[in-house]
Amino acid sequence: VNSSTVACIVVAAGRGERLGAGRPKAFVEVGGRTPLEHVARTVALHTAIDHLVVVVPADLVGEARRMLDHAGLSERDGLTSTVVAGGDTRQASVAHGLTALADSDDIVLVHDAARCLMPGQVYERVVEAIRSGHSAAIPVLPVVDTMKRVSDGAVVGTVDRSELRVVQTPQGFRRGVLFAGHEAAIRRGDDAVTDDAGLVERLGIPVHVVDGDDRGLKITRPFDLAVAGALAVDPDVSAGLVDDEATS
Ligand code: C5P
């Protein structure tokens with residue numbers, strides 16, 4: 001038995017209202033598979049994670065369990081999975097996931113099911129950062145667009161984008177640090193924080209950054225679903241491997 005294990009909490013308990021698909025977005029198909037199936041397969045086949053904790057709406061716990069049992073999880077020894085019901089906010093759903101950790105889960109990743117095409121290398125980069133001594137690590141991307149601050153319909157300033165980053169998940173933590181961040185939030189009365197690293201930053205703990213990946217886009221609106229659907233069918237498109245001349 002491994003004395004120190006890595007868990008990944010996947011939050012999938014959102015209602016997905018902005019997607020307009022009529023059901024929770026973790027259960028809307030993206031290129032023939034649900035986001036939960038994509039995440040489960042990535043974790044099972046392309047990472048060394050030991051424990052997958054999936055957080056879904058209470059009425060979908062049974063369906064999620066069945067889905068995981070058919071998602072290729074059994075293809076890797078040493079991976080266990082747990083399904084728990086979520087809460088009213090993302091923060092509450094993560095907190096429910098924390099209650100399902102095993103005692104040996106020393107490194108904990110928190111991942112949005114909505115970023116279901118994030119490749120396994122990014123999970124591994126985050127785990128490696130924690131193993132190498134960082135208490136918290138998050139995947140980030142550079143900002144490619146010009147950023148402006150706007151108020152009352154007019155520009156009030158241009159932001160220097162060179163110091164900005166777009167934040168993705170999975171975010172990784174030493175277990176105690178993540179618990180401390182969530183406990184401090186509850187003491188402050190915060191109950192709807194959407195960024196786990198932010199909770200840890202508030203404790204004054206440094207958060208390390210690693211390279212994210214465009215394929216980890218968050219499926220939020222119908223446009224994102226269309227993009228992700230195309231990527232899921234042909235991941236090479238997003239990996240930049242497609243020969244422009246061959247496709248034009
Ligand atoms: O709603 P939003 O896109 O910010 O959700 C981010 C992630 O958090 C999604 O994967 C969603 O399923 C999850 N979530 C949750 N419980 C909630 C709200 C959101 O697990 N109550």
Side-chain angles (χ1 to χ4, degrees), residues 7-31 33-43 49 51-65 67-68 71 81-101 108-119 122-123 126 138-141 166-173 178 181-182 185-186 189-200 212-229 231-232:
C8 182
I9 298 172
V10 179
V11 286
R15 285 281 148 204
E17 274 150 15
R18 285 165 293 177
L19 207 52
R23 52 177 332 210
K25 69 179 163 186
F27 294 83
V28 174
E29 285 198 2
V30 178
R33 288 197 172 101
T34 65
L36 264 187
E37 285 175 292
H38 282 292
V39 172
R41 286 179 60 86
T42 298
V43 167
I49 286 163
H51 185 196
L52 178 65
V53 178
V54 169
V55 187
V56 296
D59 52 324
L60 294 170
V61 168
E63 186 172 340
R65 184 68 263 168
M67 187 186 288
L68 290 178
S81 65
T82 310
V83 181
V84 296
D88 288 340
T89 64
R90 185 185 181 283
Q91 184 187 332
S93 292
V94 174
H96 289 196
L98 292 175
T99 67
L101 292 178
V108 182
L109 270 49
V110 181
H111 186 45
D112 290 333
R115 300 183 187 277
C116 62
L117 301 182
M118 182 59 95
V122 176
Y123 294 66
V126 170
I138 62 175
V140 300
L141 291 174
V166 173
V167 175
Q168 299 185 310
T169 70
Q171 302 189 342
F173 307 90
L178 182 57
H182 274 262
I186 288 166
D190 289 347
D191 60 6
V193 177
T194 57
D195 174 49
D196 300 284
L199 296 179
V200 167
D213 192 293
D214 287 325
R215 288 166 286 183
L217 85 160
K218 183 168 159 203
I219 303 172
T220 305
R221 296 151 301 179
F223 176 79
D224 311 319
L225 186 60
V227 172
L231 296 180

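Everything numeric here is computed off the predicted structure, so don't read it as measured data. Start at 1 and go down the list; that is how both ligands and their atoms are numbered. In what follows, residues are counted from 1 in the order of the sequence shown.
- Residue contacts with ligand 1, taken as heavy atom pairs separated by less than 4.0 Å, involve S93 solely via side-chain atoms from C-beta onward.
- The atoms of ligand 1 that sit less than 4.0 Å from any heavy atom of D88 are 21 (N).
- Geometrically, ligand 1 and A13 share a nitrogen or oxygen pair separated by less than 3.5 Å.
- Within the listing of ligand 1, atoms 2 (P), 3 (O), 4 (O), 6 (C) sit less than 4.0 angstrom from a heavy atom of K218.
- Under 4.0 Å from ligand 1, heavy atoms of V11 appear from its side chain as well as its backbone.
- Using a distance-only test at 3.5 Å, with no hydrogens or angles considered, no donor-acceptor pair links the side chain of E63 to the main chain of L60.
- For atom 7 (C) of ligand 1, the nearest non-hydrogen atom of the protein is D112 OD1, 3.3 Å.
- Closest to atom 14 (N) of ligand 1 among all protein heavy atoms lies G14 N, 3.4 Å.
- Nearest approach of A113 to P35, heavy atoms of both residues: O-CB, 3.6 Å.
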Would you please test S81 and R65 for side chain to side chain contact (heavy atoms under 4.5 Å, CB included) and show each step?
CA-CA 9 Å; S81 65; R65 184 68 263 168; 2.8 Å; yes
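- Heavy atoms only, all atoms of each residue included: H96 and V84 are closest at O-CG2, 4.0 Å.
- Of the listed options H111, R221, R90, R18, R18 places a heavy atom closest to atom 1 (O) of ligand 1.
- Judged by distance alone, the side chains of Q171 and D195 do bring a donor and an acceptor atom under 3.5 Å apart.
- Less than 4.0 angstrom separates some heavy atom of A114 from each of these atoms of ligand 1: 10 (O).
- Short contacts between ligand 1 and A113, defined as distances under 4.0 Å to a heavy atom of the residue, involve ligand atoms 10 (O).
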Run the salt bridge (Lys or Arg N to Asp or Glu O under 4.0 Å) test on D196 and R90 for me, step by step, so that the C-alpha distance in whole Å, both residues' side-chain angles and the decisive distance to 0.1 Å come before the verdict.
CA-CA 10 Å; D196 300 284; R90 185 185 181 283; 2.9 Å; yes
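- With respect to atom 21 (N) of ligand 1, the closest heavy atom belonging to the protein is G87 O, 2.9 Å.
- Between G86 and S93 the shortest heavy-atom distance is CA-OG, 3.6 Å.
- For A12, the closest heavy-atom approach to ligand 1 falls below 4.0 Å.
- In terms of heavy atoms, Q91 sits closest to D191 at OE1-C, 3.0 Å.
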